[in-house]
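This report refers to the structure that appears directly beneath it.
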Amino acid sequence: MVDERPLSARLILVTMVLAMVLLVSVLLGLTFGSSDQGGGELLRAFMGTGKTHSLASVIVWRIRLPRVILAATVGATLSLGGLVFQALLRNPLAEPYILGISGGSAVGAITGMLLGFSPFPGMALSAFGGSMLILFLVVGLVAGQTTLGRDSLLLGGVMMNAFCGAIIMSLISITQTSEVHQILFWLMGDLSMCSTERLPVLIAVLPCFTIIFTLARPMNLLLAGRESAAALGVNVRLVSMLLLAVTTFMVSLVVCQSGLIGFVGLIVPHVLRLLLGSDHRLLTPACILGGGAYLILCDLLARTLPTTGEMPVGIVTALVGAPLFILLLWRARR
Amino acid sequence: MTSWVVTARGLSLSYNGRPPVLCDLDLRVASGEFFMIIGPNGSGKTSLLRLLAGLIAPEAGQVEILAKPLTSWPRRHLAQRLAVVPQQLPQDFPFTVAETVLMGRAPHLGLLDVEGESDRELARAAMHFTDVTRLADRRLDQLSEGERQRVVIARALCQEPEILMLDEPTSSLDPAHQIQIMDLLSRLRAERGVTVIMVSHDLNLAALYGDRLLLIDRGRTVLCGSPAEVLTAERLSVCYGCTILVDTHGLGGLPRVTPLPASYGGHVVPAEEPSGRRGS
C-alpha cells in the first residue's frame with residue numbers, strides 16, 4: 001500500500017480528516033454526560049442560539065467545554081509524547097507512562113502540592129524536575145548500548161514506576177489533610193479536578209508541538225540508527241536532547257493537570273502508524289488531533305458508563321491500553 | 001598540484017582501555033580517486049572509515065575533509081558533500097525503498113521543506129542506477145541483505161555527494177551485482193568526479209578497481225600504494241596469516257590474489273584473534 005501523492009497533499013488530507021474526527025468528538029463530549037438535559041438543547045446552547053443563562057448554557061460553557069479542552073490537550077500531548085519516545089528509543093513500546101516519566105512527574109507534582117506550591121509555575125516545575133530525573137535514570141540505565149535494549153528499557157521503566165509509586169504512597173501515608181483524596185483520584189488519572197482558571201497554562205504545549213513537528217524528518221532518519229542519521233546530516237545529539245527536553249516538559253505540564261493517564265501514548269501512535277505508515281511528518285499532526293479525539297471519547301465513557309458519579313479516565317485508558325500493550329509485546333517477541 | 005579531499009594525520013583510537021584499534025595512522029585521498037582500505041579481520045578498517053566520516057571522534061589526530069577540519073563542519077553541510085554507506089543496515093526500518101532513497105535528499109532540504117519533483121527525479125535515477133526500481137514499493141524489512149545494500153547505496157547516490165564512503169558494500173552481493181555496484185562506483189568517479197573511499201575484504205575487487213590501496217593490520221599502516229605495489233604474495237601472506245598466491249591476470253597485468261587451500265600446499269597461521277574487537 002503505497003501512496004504516490006506528494007507528502008503535502010497527504011498531510012492536508014490526513015489533517016482534515018482527523019480534524020473532523022476531533023470536531024465530532026468535541027461535539028459528542030459536549031452533548032453527552034451525567035446531566036439529563038437533552039442533547040439538542042445543549043447543542044443549541046453551544047451554538048449560541050439558546051438562552052444565554054440557561055442551565056444548558058452553563059453546563060456546556062462552564063463545565064463540559066473546559067473539560068473537553070483539557071481532555072483534548074492531555075490526549076494530544078501524551079500521544080505525541082509516546083510517538084517521540086518511540087522514535088528516539090527505537091522501541092515501539094516506549095511511552096511516558098510505561099517509562100516512568102509520568103510517575104516521576106507525579107512524585108514531583110505531589111511533593112510540590114504538599115509543600116504548598118501554587119499549581120503554576122511551582123507544581124509544574126517540581127513535576128518537570130521529577131520527570132527529568134526519571135528520564136535520566138531510565139535512559140542512563142540503557143545508555144552505552146548501541147541499540148537501546150527493549151527489555152532493559154521496559155524493566156527500567158517498571159522499576160521506576162514501582163519506586164515512584166512507593167514514594168507517592170509514603171507521601172500519602174504521612175499526609176493527614178483532605179488532600180489525600182485529591183491525590184488518590186489524581187493518581188488514577190482524572191480530568192474532573194481541573195479548574196477553568198488553570199486551562200490557559202496548557203497553551204504552553206503549543207510551542208512544544210511546533211518544535212516537535214519541525215523535527216519530524218530528523219525523527220524519521222533516527223529510526224535508522226544514530227550513525228545513519230548523522231551521516232544524513234542530523235545533529236543527533238542536539239536533536240535528541242531537544243526532543244527529550246521538550247517532550248518531558250509538555251508531559252509533566254499535562255500530568256500536573258490530569259494526573260496519571262496511561263497507555264494513551266502507546267495506543268494512539270500505534271493505530272495511526274498502522275493507518276498512515278511511519279512518516280513522522282504525518283504522524284505528528286495525526287497524533288495531536290487523533291490523541292485529542294481519543295481521550296475526549298475515553299473521558300466520555302468514564303463520565304457516562306457508571307450509573308452514579310463517574311470514574312477516572314485513567315481507568316478507561318488502562319482497560320483499553322493494557323491488553324494492547326500485552327499484544328504488542330507478544331508480537332514483538334515472536 | 002594534487003588536491004587532497006580527505007586528509008588524516010596521526011589517528012589513534014581505542015575502545016575502553018582495550019588495545020588500540022588504530023594507532024598513529026596517516027592517509028591522504030586525492031580528488032576523484034578510487035581509494036580502497038583493505039586488511040584482515042579486526043585490523044580497524046571499519047573504525048577508520050567511521051573516523052573519516054566523522055561518525056566517531058578519534059582519541060588523537062585530526063581529519064580534514066575538503067581542506068577543513070572535520071570538527072568544524074556542521075553535520076548537515078558535511079552530509080551535502082559526503083555520503084556514507086554503513087556496513088550494518090537497519091533491519092527494521094519501517095519505510096519503503098522509495099521513501100528510504102528519497103531520505104538521501106534530507107541534507108539538501110530545510111527543516112520544513114518537502115521533497116519536490118526534482119528530488120523525486122534524483123531518487124528515481126538513483127534507484128535505476130542500483131537496479132532497485134522494481135522494489136520501490138516494498139518495505140526494507142521485506143528485502144534480502146543484498147537488496148537492502150543496493151537500496152542504501154541508492155540513498156547515498158541520491159545525496160549527490162562529492163565524497164562517497166562505503167563499508168564493504170559488496171560483501172553480501174552475488175557476482176553480477178558486485179560488478180554492477182563496482183562499475184557504478186567507477187562511473188560515478190569518471191562522470192561526476194566523485195571520490196570513492198571503500199573498505200573491502202575482496203582483494204581481487206580491490207586490484208580491479210582501486211587506484212590506490214591502503215593495507216592496514218592491527219590498526220597500523222602496512223603500505224599504501226597501487227594494487228601492484230601493495231598486493232604481493234609475501235606481504236599478504238604475512239598480514240593475513242595464510243599462504244597467498246599472487247599472479248598476473250590476463251587482463252592488463254593486474255595482480256590476481258588466491259588464498260591457497262591445504263591441498264595445494266597452503267597453510268594457515270591463525271593470528272591470535274583479538275578478543276572483543278568490533279567489526280573488521
Side-chain angles (χ1 to χ4, degrees), chain A residues 1-12 86-87 90-92 144 146-147 150 210-240 242 269-270 272-274 276-285 331-332, chain B residues 16 46 49-50 53-56 73-100 102-117 119-120 136-140 148 152 155-156 158-159 161 164-165 167 278:
Chain A
M1 189 189 74
V2 170
D3 206 328
E4 270 301 312
R5 276 167 297 188
L7 182 86
S8 41
R10 279 196 292 162
L11 187 60
I12 291 169
Q86 285 150 25
R90 293 173 66 200
N91 187 327
T146 40
T147 51
R150 175 171 285 152
T210 313
I211 293 173
I212 291 171
F213 182 67
T214 57
L215 294 175
R217 186 173 39 222
M219 276 200 276
N220 286 345
L221 301 178
L222 275 170
L223 288 182
R226 299 172 76 86
E227 281 197 6
S228 267
L232 285 169
V234 178
N235 187 334
V236 175
R237 185 183 296 254
L238 181 70
V239 166
S240 317
L242 195 58
H270 190 76
L272 289 172
R273 220 177 268 128
L274 285 179
L276 304 173
S278 297
D279 194 330
H280 285 79
R281 290 175 289 181
L282 289 178
L283 286 176
T284 301
R331 277 186 31 184
Chain B
N16 301 332
T46 293
L49 198 75
R50 289 163 81 211
L55 298 177
I56 49 176
W73 278 96
R75 203 63 251 183
R76 192 164 81 92
H77 293 174
L78 185 64
Q80 292 169 358
R81 322 281 293 269
L82 167 84
V84 184
V85 175
Q87 188 178 27
Q88 278 170 346
L89 308 173
Q91 300 275 327
D92 54 354
F93 199 52
F95 292 95
T96 64
V97 168
E99 288 170 329
T100 306
L102 198 55
M103 282 178 191
R105 298 309 297 160
H108 297 275
L109 297 169
L111 269 183
L112 288 175
D113 290 348
V114 172
E115 295 89 353
E117 191 45 45
D119 299 310
R120 288 163 183 279
D137 297 343
R138 300 260 292 275
R139 274 169 55 119
L140 233 58
R148 261 206 299 279
V152 179
R155 186 182 72 186
C158 196
Q159 248 173 291
L164 184 56
M165 296 189 181
D167 193 355
R278 313 201 312 188

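Any value given below was found using the heavy atoms of this structure, including those in side chains, with hydrogens, waters and symmetry copies removed. Just so we're on the same page: letters track the sequence lines, and every chain starts at 1.
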Shortest non-hydrogen contact from [X] to [Y]?
{"X": "Leu55(B)", "Y": "Ala230(A)", "answer": "CD2-CB, 3.8 Å"}
{"X": "Asn220(A)", "Y": "Phe95(B)", "answer": "OD1-CZ, 3.6 Å"}
{"X": "Arg120(B)", "Y": "Leu7(A)", "answer": "NH2-N, 4.0 Å"}
{"X": "Ala106(B)", "Y": "Leu221(A)", "answer": "CB-CD1, 3.7 Å"}

Identify, with sequence neighbours excluded, every residue that meets side-chain contact (heavy atoms from CB on, under 4.5 Å) alongside Leu238(A).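 Per chain and number, Leu238(A) pairs via side-chain contact (heavy atoms from CB on, under 4.5 Å) with Asn235(A).
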Residues at least two apart in sequence or cross-chain that pass side-chain contact (heavy atoms from CB on, under 4.5 Å) with Ile12(A), listed by chain then number, are Met16(A)
Out of [options], return the one with the most heavy atom pairs under 4.5 angstrom to chain A.
{"options": "Ala79(B), Ala53(B), Gly54(B)", "value": "Ala79(B)"}
{"options": "Leu112(B), Thr100(B), Leu140(B)", "value": "Leu112(B)"}
{"options": "Gln80(B), Met103(B), Arg139(B), Met165(B)", "value": "Met103(B)"}

Query - Separation of Asp279(A) CG from Glu99(B) CD (nearest 0.5 Å) - result: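 Separation between the atoms: 6.5 Å.
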[X] side chain near [Y] side chain, heavy-atom distance below 4.5 Å:
{"X": "Arg155(B)", "Y": "Ser228(A)", "result": "yes"}
{"X": "Glu227(A)", "Y": "Ile56(B)", "result": "yes"}
{"X": "Arg217(A)", "Y": "Glu115(B)", "result": "yes"}

Applying a strict 4.5 Å limit to non-hydrogen atoms, the region of Val234(A) in contact with chain B is backbone
Cut-off 4.5 Å, heavy atoms of chain B, and the answer for Arg281(A) is side chain
Applying a strict 4.5 Å limit to non-hydrogen atoms, the region of Leu78(B) in contact with chain A is neither
Applying a strict 4.5 Å limit to non-hydrogen atoms, the region of Arg105(B) in contact with chain A is neither
